[in-house]
Amino acid sequence: MQVEGKVALVTGGAEGLGRAFTEALLEAGAKVCFCDVNTEQGESTYTVLKSKYGSDRVIFQKCDVSNQTEMEGKSLNYLFRCTKETFGNIDIVCNNAGIGGEKPPLWGKVVDVNVKGCICGTLLALDYLSTEKGGSGGVIVNISSAGALNINPYGPVYLATKSAILSLSRSFAQNPLACSGGVRVNVLCPSFAETSLVRNISEQNTYDVNVARKFVEHTPSMSPKDVAEAFMELVVDESKNGAVLKCSKEKGKQYCTINVTYS
Ligand SMILES: NC(=O)C1=CN([C@@H]2O[C@H](COP(=O)(O)OP(=O)(O)OC[C@H]3O[C@@H](n4cnc5c(N)ncnc54)[C@H](O)[C@@H]3O)[C@@H](O)[C@H]2O)C=CC1
Ligand SMILES: CC/C=C\C[C@H](O)[C@H](O)/C=C/C=C/C=C\C=C\C(=O)C/C=C\CCC(=O)O
C-alpha cells in the first residue's frame with residue numbers, strides 16, 4: 001500500500017505506541033485522525049504534530065473507545081464519521097487503545113476498552129473501508145500482545161483481552177466483508193515497550209506487582225518507534241492479511257503461525 005495521501009484513524013494516539021503509530025503514518029505522508037480518552041495529553045500531542053505536519057494532515061478527537069453510544073459523548077461512531085467528513089475517506093485503521101487491570105472493579109473496564117473497543121472499531125472499519133459498503137478497501141491493524149501467544153498467571157484478564165483481539169482479527173481477515181471488500185486485517189503482538197502502561201504496573205492492576213515488575217525488568221524493552229516499524233510493515237505489505245506479527249527487543253519481528261497440537 002502506498003501510504004502517501006491515504007487517511008488513517010488511530011485510537012489511543014495521545015501517547016505510547018498509538019502516538020508512535022500516528023507519527024509513523026504522518027511521516028509516510030498519510031493524513032491521520034487520532035483519538036484518546038485523555039483530552040489534555042491528546043491536545044498536547046496534537047499541538048506538536050500539527051506544527052510538524054500541518055493542521056491539514058492531523059486531527060485529534062476526544063473519544064472513549066468503550067463508549068458504545070453517541071449519548072455518552074464522543075463515540076467511535078462519531079470518530080469514524082468525523083474522520084470521513086474531514087478527510088473524505090478512511091483507508092487505514094489501528095485499534096490500539098488499551099488498558100491493564102486484573103482486580104475488581106477494574107477488570108470489567110479492561111474488557112470494555114480492550115475487547116469491546118476493538119470489536120466496535122473493527123466493525124466500523126469494515127463498514128467504512130469495505131468496497132462492499134462503498135469504501136475503497138484498506139487495512140486494519142489491531143494491537144494484541146506477545147503475552148497473548150502464551151499463558152501468564154499474573155495477567156489473566158489483560159492477556160485474555162489480548163487473546164480475544166488475536167482471534168477476532170484472524171477471523172475477520174477471512175470474513176467476506178473483508179475478503180471481498182478489499183480489506184486486510186492484521187494483528188500486532190508487541191512484547192514490552194517503554195510506555196506508561198508498563199511503567200504504571202501497580203498493586204491495583206496486577207495479581208503480583210513484584211512478579212510483573214521483575215518480568216518487565218528482565219525483558220529488554222523496545223522503544224515505541226521500534227514497535228511502529230513493525231506496525232508499518234503490516235500496513236504497507238499488501239501480501240499480509242490475517243498476519244500475526246510478534247515484535248520484541250531480543251528477536252525483532254517474527255511472523256507467527258498458530259496451530260493447536262493434540263495429545
Ligand atoms: N507497552 C507494552 O509493552 C505493550 C502494549 N501493548 C498494547 O499496546 C496498546 C497501547 O499501549 P501503550 O502505548 O503501551 O499504553 P499507554 O497507556 O502508554 O497508551 C495508551 C493510550 O490509550 C489511551 N486510552 C486508554 N483507554 C482509552 C479509551 N477507553 N479510549 C481511548 N483511548 C484510551 C490512553 O489515554 C493512552 O493515551 C495497548 O492496547 C496495549 O495493550 C501490547 C503489548 C506490549
Ligand atoms: C505487562 C504489562 C501490561 C499491562 C499490565 C496490566 O496491569 C495487566 O493487567 C497485568 C499484566 C501482568 C503481566 C505480567 C507479566 C506479563 C507477561 C507477558 O507475557 C506480557 C509480555 C509482553 C506484553 C506486555 C503487554 O502486553 O503490555
Side-chain angles (χ1 to χ4, degrees), residues 9-24 33-46 49 60-68 72-79 94-102 106 108-122 141-150 152 155 157-166 168-169 187-202 205-206 212-213 215-228 230-231 244-250:
L9 184 155
V10 178
T11 67
E15 67 170 299
L17 300 185
R19 174 166 178 167
F21 301 151
T22 298
E23 292 197 62
C33 172
F34 72 94
C35 84
D36 208 290
V37 68
N38 183 334
T39 311
E40 188 181 347
Q41 187 59 53
E43 291 294 354
S44 166
T45 297
Y46 171 66
L49 298 181
F60 165 67
Q61 285 286 348
K62 175 181 168 60
C63 173
D64 177 345
V65 298
S66 66
N67 165 9
Q68 303 295 313
E72 299 152 40
K74 300 259 172 80
S75 68
L76 274 171
N77 285 289
Y78 174 85
L79 181 76
C94 177
N95 291 298
N96 161 77
I99 59 174
E102 299 298 328
L106 187 53
K109 184 70 179 169
V110 175
V111 174
D112 285 348
V113 174
N114 297 8
V115 182
K116 288 170 70 175
C118 187
I119 293 172
C120 187
T122 303
V141 181
N142 292 331
I143 310 301
S144 174
S145 161
L149 300 167
N150 233 316
N152 191 295
V157 171
Y158 171 71
L159 294 173
T161 68
K162 295 286 126 177
S163 301
I165 291 169
L166 189 62
L168 176 90
S169 307
V187 56
L188 184 63
C189 297
S191 183
F192 292 115
E194 296 141 4
T195 70
S196 301
L197 176 71
V198 177
R199 285 192 292 270
N200 294 340
I201 292 179
S202 69
N205 59 23
T206 40
R213 283 187 179 143
F215 201 115
V216 175
E217 279 155 26
H218 290 104
T219 309
S221 283
M222 295 174 283
S223 69
K225 205 167 181 177
D226 295 334
V227 184
F231 163 76
V244 178
L245 180 56
K246 180 183 175 185
C247 58
S248 66
K249 187 77 176 176
E250 297 148 297

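In listed order, ligands and their atoms are each counted from 1. These numbers come from a predicted model, not from an experiment.
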Taking 4.0 angstrom as the limit and counting only heavy atoms of Asp64, give me the atoms of ligand 1 inside it, by number and element.
28 (C), 29 (N), 30 (N)

Need the ligand 1 atom indices (1-based, order shown) with element for anything under 4.0 Å from a heavy-atom of Gly98.
38 (C), 39 (O)

So which of Asn142, Leu197, Asn200 gets nearest to atom 5 (C) of ligand 1, if we judge by its closest heavy atom?
Leu197

Is Asp36 salt-bridged to Arg19, going by a charged N under 4.0 Å from an acidic O?
no

With side chains defined as the heavy atoms from C-beta onward, is the minimum distance between Tyr158 and Asn114 less than 4.5 Å?
yes

Can you tell me which portion of Val113 lies within the under-4.0 Å heavy-atom range of ligand 1? Options are side chain, backbone, both, or neither.
side chain

Compute the minimum heavy-atom distance from Ala193 to ligand 1 and say whether it is under 4.0 Å.
yes

Any side-chain heavy atom of Cys33 within less than 4.5 Å of one from Leu79?
yes

Is Val65 touching ligand 1 with its side chain, its backbone, both, or neither, if touching means heavy atoms under 4.0 Å apart?
both

Would you say Gly18 and ligand 1 have an N/O pair spaced under 3.5 Å apart?
no

Of all the heavy atoms in Gly42, does at least one lie under 4.0 Å from an atom in ligand 1?
no

At a 4.0 Å threshold, what atoms of ligand 1 neighbour a non-hydrogen atom of Leu17?
5 (C), 8 (O), 13 (O)

For Cys63, atoms of ligand 1 separated by under 4.0 Å from a heavy atom:
30 (N), 31 (C)

Contact between Thr206 and Phe215 at the side-chain level, heavy atoms closer than 4.5 Å - yes or no?
no

Step by step, would you call Ile119 with Lys116 a side chain to side chain contact (heavy atoms under 4.5 Å, CB included)?
CA-CA 5 Å; Ile119 293 172; Lys116 288 170 70 175; 5.5 Å; no

At under 4.0 Å between heavy atoms, which part of Ser144 makes contact with ligand 1: side chain, backbone, both or neither?
backbone

Decide if atom CD of Glu250 counts as having more than 12 heavy atoms of other residues, nucleotides or ligands within a radius under 6.0 Å.
yes

May I ask you to test the Leu245-Phe231 pair for a side-chain heavy-atom distance under 4.5 Å?
no

For Val244 and Cys189: C-alpha separation, side-chain torsions, deciding distance, then whether side chain to side chain contact (heavy atoms under 4.5 Å, CB included) applies.
CA-CA 7 Å; Val244 178; Cys189 297; 3.9 Å; yes

Evaluate the side-chain proximity of Cys120 to Val65: yes if any heavy-atom separation is below 4.5 Å, no if none is.
no

Which ligand 1 atoms, with their elements, are less than 4.0 angstrom from a heavy-atom of Lys162?
38 (C), 39 (O), 40 (C), 41 (O)

Rounded to the nearest 0.5 Å, how far does CG of Leu76 lie from OG of Ser66?
9.0 Å

Hey, does Thr195 come in under 3.5 Å of ligand 1, counting only N/O atoms on both sides?
yes

Short list, please: which atoms of ligand 1 are under 4.0 Å from a heavy atom of Ile99?
25 (C), 26 (N)

Would you compute the distance between atom NZ of Lys246 and atom OG of Ser144 and round it to the nearest 0.5 angstrom?
11.5 Å

Specify side chain, backbone, both or neither for Val198, according to which of its non-hydrogen atoms lie closer than 4.0 Å to ligand 1.
side chain

Check if Thr11 has a non-hydrogen atom at a distance under 4.0 Å from any atom of ligand 1.
no

Contact between Glu23 and Leu49 at the side-chain level, heavy atoms closer than 4.5 Å - yes or no?
yes

Heavy-atom check, side chain of Thr45 versus side chain of Phe34, under 4.5 Å
yes

Any heavy atom of Ser221 under 4.0 Å from ligand 1? The part involved is neither

Are any non-hydrogen side-chain atoms of Asp226 and Cys247 less than 4.5 angstrom apart?
no

Which one holds for Ala146 and ligand 1: side chain close, backbone close, both close, or neither close, with close meaning a heavy atom under 4.0 Å?
neither

Non-hydrogen atom of Gly117 closer than 4.0 Å to ligand 1:
no

Heavy-atom contacts with Gly16 under 4.0 Å: which atoms of ligand 1 show up? List them by number with element.
13 (O), 18 (O)

For atom 44 (C) of ligand 1, the option (of Ala20, Gly121, Ser196, Ser191) bearing the nearest heavy atom
Ser191

So, is Ile143 polar-close to ligand 1, with some N/O to N/O distance under 3.5 Å?
no

How long is the straight-line distance from CG of Asn67 back to CG of Asp112, given to the nearest 0.5 Å?
10.5 Å

Any N/O of Ser145 closer than 3.5 Å to an N/O of ligand 1?
no

Atom indices of ligand 1, in the order listed, that fall short of 4.0 Å to a heavy atom of Asn38
35 (O)

Using a heavy-atom cut-off of under 4.0 Å, does the side chain or the backbone of Gln41 touch ligand 1, or both, or neither?
neither

